[in-house]
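Notes to accompany the following structure.
Sequence lines set the chain letters: A, B, ... in the order given, protein chains first and strands last, and positions in each chain run from 1. Just so it is clear, the values below take in all heavy atoms, side chains as well, and ignore hydrogens, waters and symmetry mates. In this text the structure is predicted, and so the values were computed from the model without any measurement.
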Amino acid sequence: MRGLTKEYVLQRFLMYLLTIWMGTTLIFVIPRLAPGDPVSEMVGRLSLDAGYIENADKLIASWKARFGLDAPIHIQYLRYWGNVFRLNFGYSLSHFPTEAWSMVSKALPWSLGLLTVATVLSFSIGVTIGSLMGWRRTPRLLQMFLPSTLTFTAIPYFMFGIMLIYLVAFELDWLPATGAYSRRVDPGWNLPFIKNVLSHAILPVVSIVLTSMGGWALGMRGLMISVNNEDYFLLAQVKGLSPARIFFRYGVRNAILPALTALALGLGGLISGSILVEFIFAYPGTGYTLYQSIISQDYTVTQAIANLIIMVTATSVFLLDLLYPFIDPRITYKRNMR
Amino acid sequence: MAVGQRTVDEETTPARGWGLNTWDSPWLNFKFLLGVAIVLLILLFGLVGPLFWDTDLAYTGAGPLNKPPVWAEGGLPEHPLGTESNGRDMLAQLILATPSSLKVGFLAAIIGMGVGMVLGSIAGYVGGWWDHVIRTISDSAITIPALVVLVVIASYVQMTDTTAMALILALFAWPGPTRLVRSQVLTLRERSYVRMAHLSGASALEIMFVEMLPNMLPWLAASLTGGISAAILGATGLEVLGLGPTRVPSLGLIINQATTNAALVRGLVWWWLPPIIILMVIFVGFFLMTIGLDEIANPRIRQFSSSRRERTAAGELPAVGLVDDGAGGEEDAALKVNDLHVHYFTPRGEVIAANGVNFKLRKGEILGLVGESGCGKTTVAMAILQVVQPPGRIVQGEVRIEDRDLVSLSGKALRQVRWRDLALVPQGAMNSLNPVTPIREQIADAILAHESIGRVELEQRILGLLNDVGLPERVISMFPHELSGGMKQRVCIAMSIALNPQVIIADEPTSALDVVVQRVVAQTLLEVKERLGVSMVMIGHDMGLQAQLVDRIAVMYAGNLVEVAPVESAFAEPLHPYTQLLIESIPSIKERKPLNVTEGLTHDLRDPPPGCIFQFRCKHVEQICRERRPALVERDKDHLAACWLYEPDRHSLIELEEA
């Protein structure tokens with residue numbers, strides 16, 4: 001009746017698998033649908049740089065064989081899936097003999113840390129601002145001040161990041177501009193290192209939080225306004241409850257449910273945006289590694305990272321989905337509403 | 001039979017056809033128009049620019065290297081915005097880059113919207129298996145991090161022009177619109193005007209384009225502007241990473257070249273900043289359009305922001321002005337409403353919803369407050385409870401319980417009176433209970449706000465209350481969605497008596513229930529009232545039900561009480577012509593007669609006529625009725641009516657005036 005039902009979990013799990021399947025298949029299929037093939041493209045680019053390459057055809061054939069691109073497409077697809085399942089993406093081309101997977105797993109903690117902090121902060125700050133904006137009893141002074149917190153909402157993270165680097169790191173020299181930590185500190189669980197890591201994380205986190213919290217705030221404001229008009233909200237007032245209790249238990253508690261759904265749906269966009277933030281700040285997370293692998297044409301690492309990001313995103317959405325029935329007792333009844 | 005079956009109409013007036021040419025059209029939203037203006041301005045810069053500036057300067061080696069803008073030291077007039085490390089003229093680059101960035105956005109978003117509209121309407125309109133498949137796929141697709149896939153694609157496929165990039169971006173632009181159109185179609189399908197069109201034989205396409213599309217237009221537009229800026233963001237992202245088309249200038253490419261050439265460290269601000277500024281202006285423009293369209297689409301948001309403005313305009317504090325009548329007179333009154341005026345300050349004028357309402361609720365009685373929809377009876381209830389929703393406001397009057405005037409109370413003082421002395425059984429218990437908390441907590445809330453008692457005692461008390469209204473004990477830990485309508489209404493009754501209040505306002509407590517459950521709920525109310533001796537104002541439009549439940553009845557028309565009488569004499573001998581009309585309209589099985597067609601309200605509540613408010617519908621209307629408003633006076637024993645018919649001197653009154 002309440003909480004998780006078998007049916008609900010199964011349905012969400014199927015969606016989870018479908019998301020991963022679609023993402024990884026897109027990565028597999030689209031390059032192959034495009035005119036030309038990656039190897040020829042690559043050799044073409046090489047010859048463009050070098051002027052001329054001897055035995056280009058031979059080179060193309062041998063590279064195709066090496067990547068398994070000479071097999072029929074369905075065999076390639078099956079092999080590809082086998083690799084994805086075993087998390088076996090082969091060796092990195094640019095950092096041979098490092099395995100692609102180990103490069104990826106080195107980058108992952110940085111991204112997870114940065115993004116988790118940034119997402120939690122921007123969501124909770126945004127939701128708080130939005131709830132207060134959509135509540136009739138918010139003090140007048142606060143009502144006037146709150147919209148100004150949305151100033152940066154329309155600006156993409158990375159542009160804001162560039163400006164922050166210029167102003168805070170170069171002009172004012174308050175915080176480091178790039179990287180996750182300085183070369184001069186020893187990585188490990190010691191205070192100087194932790195401090196150093198934190199000081200490097202401030203600018204990327206701030207650029208994500210300040211630009212994305214407005215979106216949550218605006219959504220939450222709309223939801224709060226709807227709740228304001230609900231009968232139970234009125235009854236709560238008539239019951240003589242304290243404003244704080246009405247605000248939290250009757251207002252925010254109900255308004256936040258669709259916002260959480262939006263969070264699950266918006267994770268993909270958030271992670272997309274963070275690639276650029278990592279690029280701008282040269283932050284050694286998955287996004288930056290992805291960029292580097294593309295620049296150095298390290299296809300195995302590219303595939304490994306792309307698949308990993310898709311899987312991590314889908315998993316977080318799945319976990320949020322599993323959490324949802326505990327917050328909204330009606331979910332198993334209206335699962336078709338989403 | 002109910003006089004007016006319709007309750008509060010949740011639906012906004014449906015748009016039909018495409019007429020948008022009125023001056024108070026919601027499309028004249030400031031934010032939206034400002035956004036449109038900004039985007040047009042940027043577009044103009046890109047389109048007109050080439051006429052005034054030589055765009056050939058945008059290519060390598062067109063000028064000297066690293067020259068600052070003309071206003072800075074060392075700037076050259078032939079390169080007003082400076083040049084970068086390859087000698088390219090910044091102004092020429094920006095002129096070329098701007099339209100190409102916009103073009104990608106528009107193209108990708110429009111393709112996405114088109115696909116979304118087709119898939120969304122199939123899912124929403126056809127439903128079934130199609131709906132299931134489309135919804136599952138779009139829900140999954142929306143969570144894929146688009147840029148990751150784009151980056152991988154772009155690393156394999158060298159995109160030569162912006163069209164190719166737009167097509168690839170469109171892959172990620174359809175799930176949002178699909179979800180939106182689907183949910184809109186599902187909502188609109190249930191609307192009465194769409195059902196009517198369906199019944200009258202309109203084809204699916206006709207319904208889609210004539211009935212549905214105009215009504216979802218603001219949503220679609222908001223989704224489109226959001227989609228355009230998302231696509232521009234995606235394209236710019238690829239360009240900044242150096243994965244977009246490299247031969248066509250684009251704003252992202254300029255940023256990419258600037259960052260890879262260390263323009264930030266080298267202080268070449270004029271290289272990286274201008275494309276960022278243009279992009280920010282574009283994003284701000286689309287953002288303004290999106291939130292403006294949100295307000296257009298969602299009248300509640302519009303109302304919320306405008307009501308705040310109007311509340312300020314109309315003065316914040318209620319201007320309470322009434323002489324205290326000494327609280328004397330009848331000592332047996334549990335609740336007294338004196339000269340209550342409630343106005344709604346709408347953008348189109350002041351709606352007078354309650355116009356000097358006076359009545360007393362005697363101890364231990366049930367007073368029925370009846371009238372057709374829109375007569376102001378619920379407004380009176382809300383005014384008694386001090387929860388008139390903006391833009392409404394009590395402009396004058398008193399609501400007295402014992403010696404306190406609730407209108408003048410606020411904050412903690414008001415909270416203490418609420419529920420302890422004055423409780424509510426709400427209209428339509430469907431939404432009156434908080435959907436996410438169990439019944440236990442909702443009743444406990446009311447008790448704990450006024451008393452501090454232990455957990456065990458609290459639990460016992462709640463169980464006792466549920467028992468009082470005939471509900472099983474297990475209801476205590478159930479959620480509202482697990483209860484039937486009748487059970488929810490009984491939970492509300494249990495909650496209302498939790499603190500043993502003096503007065504209960506029952507606002508159409510049975511109107512949303514079917515006939516059998518209505519009887520049960522009405523019976524429960526009566527039992528509770530008998531046992532506790534509570535006084536009750538029962539609001540309703542069902543004369544038949546009122547006849548069985550109430551002791552006295554107060555009839556309301558257009559914001560005014562027209563008759564207050566004991567229920568027997570009101571039914572046996574109604575005085576006011578409006579009451580007579582109401583009673584006539586109760587159908588009877590014994591005597592089948594044609595239903596009296598009543599027209600409903602005949603005047604504009606913003607502009608009540610001089611004289612009697614019922615004059616336009618009254619069969620007995622006379623000269624004086626058109627000129628002077630009749631007062632509510634006692635015409636028979638305990639029988640009050642506001643009608644000139646019972647004033648013997650009415651002719652002399654008007655002659656006196658003319659003389």
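Counting heavy-atom neighbours within 6.0 Å of B/R266 CZ, excluding the residue itself, gives a total above 12. Taking a 6.0 Å sphere around CZ of A/F170, one finds it holds more than 12 heavy atoms contributed by other residues, nucleotides or ligands.
Within the 4.5 angstrom heavy-atom criterion, only side-chain atoms of A/L290, from C-beta onward, approach chain B. Contacts of B/I291 with chain A are made by side-chain atoms alone, with heavy-atom separations under 4.5 Å and no backbone atom involved. Contact annotation for B/I505: neither backbone nor side-chain heavy atoms come within less than 4.5 Å of a heavy atom of chain A. Residue contact with chain A, scored on non-hydrogen atoms closer than 4.5 Å, involves the backbone and the side chain of B/T136 alike. Residue A/S226 touches chain B through both its backbone and its side chain, counting heavy-atom pairs closer than 4.5 Å. Interface remark: A/A314 contributes no atoms to any contact with chain B (heavy atom separation under 4.5 Å). Looking at A/F279, only its side chain comes within 4.5 Å of chain B, counting heavy atoms on both sides. Heavy atoms of A/Q303 lying under 4.5 Å from chain B belong exclusively to its side chain. Looking at B/F286, there are no atoms closer than 4.5 Å to chain A (heavy atoms on both sides), in backbone or side chain. Only the backbone of A/I327 comes within less than 4.5 Å of a heavy atom of chain B; no side-chain atom from C-beta onward does. At a 4.5 Å heavy-atom cutoff, the contact between A/Y291 and chain B is made by side-chain atoms alone. B/I255 touches chain A through its side chain: at least one heavy atom from C-beta onward sits under 4.5 Å away, while N, CA, C and O do not. No part of B/V417 comes within reach of chain A, as not one of its non-hydrogen atoms sits under 4.5 angstrom from that chain.
Taken from CZ in A/F233 to CG in B/N431, the straight-line distance is 14.5 Å, to the nearest 0.5 Å.
Among B/L422, B/T259, B/V284, B/V240, the residue making the largest number of heavy-atom pairs under 4.5 Å with chain A is B/V240. The most heavy-atom pairs under 4.5 Å with chain A, out of B/P175, B/A446, B/A164, B/A423, come from B/A446. Contact count versus chain A (heavy atoms, under 4.5 Å) is highest, among B/P275, B/P438, B/A498, B/P435, for B/P435.
A 4.5 Å side-chain heavy-atom check between B/L241 and A/I294 finds every atom pair outside the cut-off. Side-chain contact between A/L267 and B/T143: absent, with no pair of heavy atoms (C-beta onward) separated by less than 4.5 Å. The shortest distance between side-chain heavy atoms of B/F287 and A/L218 falls below 4.5 Å. Under the 4.5 Å side-chain criterion, counting only non-hydrogen atoms from C-beta, B/W272 is not in contact with A/M159. Put simply, the side chain of B/I137 reaches to within 4.5 Å of the side chain of A/M22, judged on heavy atoms.
Comment: A/R249 does not engage B/D445 in a salt bridge, judged by the lack of any side-chain N to carboxylate O separation of less than 4.0 angstrom.
The shortest non-hydrogen separation linking B/V436 to A/D328 is CG1-OD1, 4.1 Å.
Each of B/R418, B/R420, B/Q442 was checked for a side-chain contact (heavy atoms from CB on, under 4.5 Å) with A/K239, and the lone residue meeting it is B/Q442.
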